[in-house]
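What you see is a predicted model; the values in this text were computed from it and never measured. In this chain, residues are counted from 1 in sequence order.
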Amino acid sequence: MARVHEYIRVLADGKYEVTKSNGPIGIQQSRQEVGGHFELWNPELGGGYAAQINEHRDPAKLAGNVVFEGVLGTVLIGRSHGNDLWGLTAPQKDHVLAQLKLVK
């Protein structure tokens with residue numbers, strides 16, 4: 001049985017959701033989780049964190065993300081592991097939420 005991975009999805013308005021997956025998120029699944037094209041990105045949260053950003057084909061349909069300058073739409077945060085995004089542990093989720101000052 002696969003271990004459930006939890007990620008933080010930062011919405012355009014600065015709020016967040018915790019989303020779950022049955023494993024690491026790769027290219028194809030990322031399109032379902034984040035939408036559009038994905039790109040691994042380091043949100044500067046420190047050791048090993050990475051994110052996948054929504055780079056939609058029509059940027060006019062996406063709002064700017066108030067947490068991340070120059071980013072449109074949603075951002076999915078997890079741990080970087082090669083080209084995949086792995087889930088966050090409870091302490092890592094707390095760290096990300098505190099660093100980004102996110103509210104539900």
Side-chain angles (χ1 to χ4, degrees):
M1 186 170 187
R3 180 177 160 264
V4 174
H5 287 236
E6 293 188 348
Y7 305 86
I8 293 176
R9 184 183 357 242
V10 182
L11 307 176
D13 63 3
K15 294 182 180 171
Y16 77 94
E17 302 170 345
V18 174
T19 187
K20 297 180 181 184
S21 171
N22 286 331
I25 294 178
I27 294 171
Q28 293 301 321
Q29 190 176 2
S30 173
R31 291 188 178 122
Q32 296 169 8
E33 296 288 339
V34 182
H37 169 76
F38 93 98
E39 176 182 338
L40 273 179
W41 172 63
N42 182 354
E44 298 180 8
L45 291 170
Y49 292 99
Q52 291 179 351
I53 60 175
N54 185 340
E55 288 293 325
H56 200 274
R57 292 179 190 188
D58 185 0
K61 293 185 178 182
L62 297 175
N65 192 300
V66 300
V67 177
F68 301 105
E69 186 177 343
V71 172
L72 300 176
T74 59
V75 173
L76 191 69
I77 298 175
R79 292 178 290 142
S80 59
H81 194 274
N83 287 329
D84 291 338
L85 201 64
W86 285 36
L88 301 169
T89 64
Q92 289 168 332
K93 281 189 291 187
D94 292 343
H95 172 75
V96 169
L97 296 175
Q99 287 286 105
L100 299 178
K101 300 179 177 82
L102 297 176
V103 294
K104 199 152 191 140

Same cluster (ILVMFWY, side-chain, under 4.5 Å), Tyr49 and Val67: yes
Rounded to the nearest 0.5 Å, what separation is found between the CD1 atom of Ile8 and the OG1 atom of Thr74? 13.5 Å
Locate the shortest heavy-atom distance separating Ala51 from Ile77; write the atom from each residue and the value. CB-CG1, 4.0 Å
Testing the basics here: between Leu45 and His95, what is the closest heavy-atom pair and its distance to 0.1 Å? O-NE2, 3.1 Å
CD of Glu6 to OG1 of Thr19: how many Å apart, nearest 0.5 Å? 9.0 Å
Can you say whether the rings of Trp86 and His5 are parallel (under 30°), tilted (30 to 60°) or perpendicular (over 60°)? perpendicular
Spacing of Arg79 atom CZ and Gln92 atom CD [to the nearest 0.5 Å]: 5.0 Å
Looking only at non-hydrogen atoms, find the nearest pair between Tyr7 and Ser21 and report the distance. CE1-CB, 3.8 Å
As an exercise, state the distance from CD of Glu44 to CG of Leu100, rounded to the nearest 0.5 Å. 11.0 Å
Indicate yes or no for a side-chain donor-acceptor contact from Asn65 to the backbone of Gly73 under 3.5 Å, with no hydrogens or angles considered. yes
Going hydrophobic residue to hydrophobic residue with side-chain gaps under 4.5 angstrom, can you get from Val66 over to Leu11? no
Rounded to the nearest 0.5 angstrom, the CD-CG distance for Gln52 and Asp84 is 8.0 Å
Are the side chains of Phe68 and Ile53 in touch, meaning some heavy atoms are under 4.5 Å apart? no
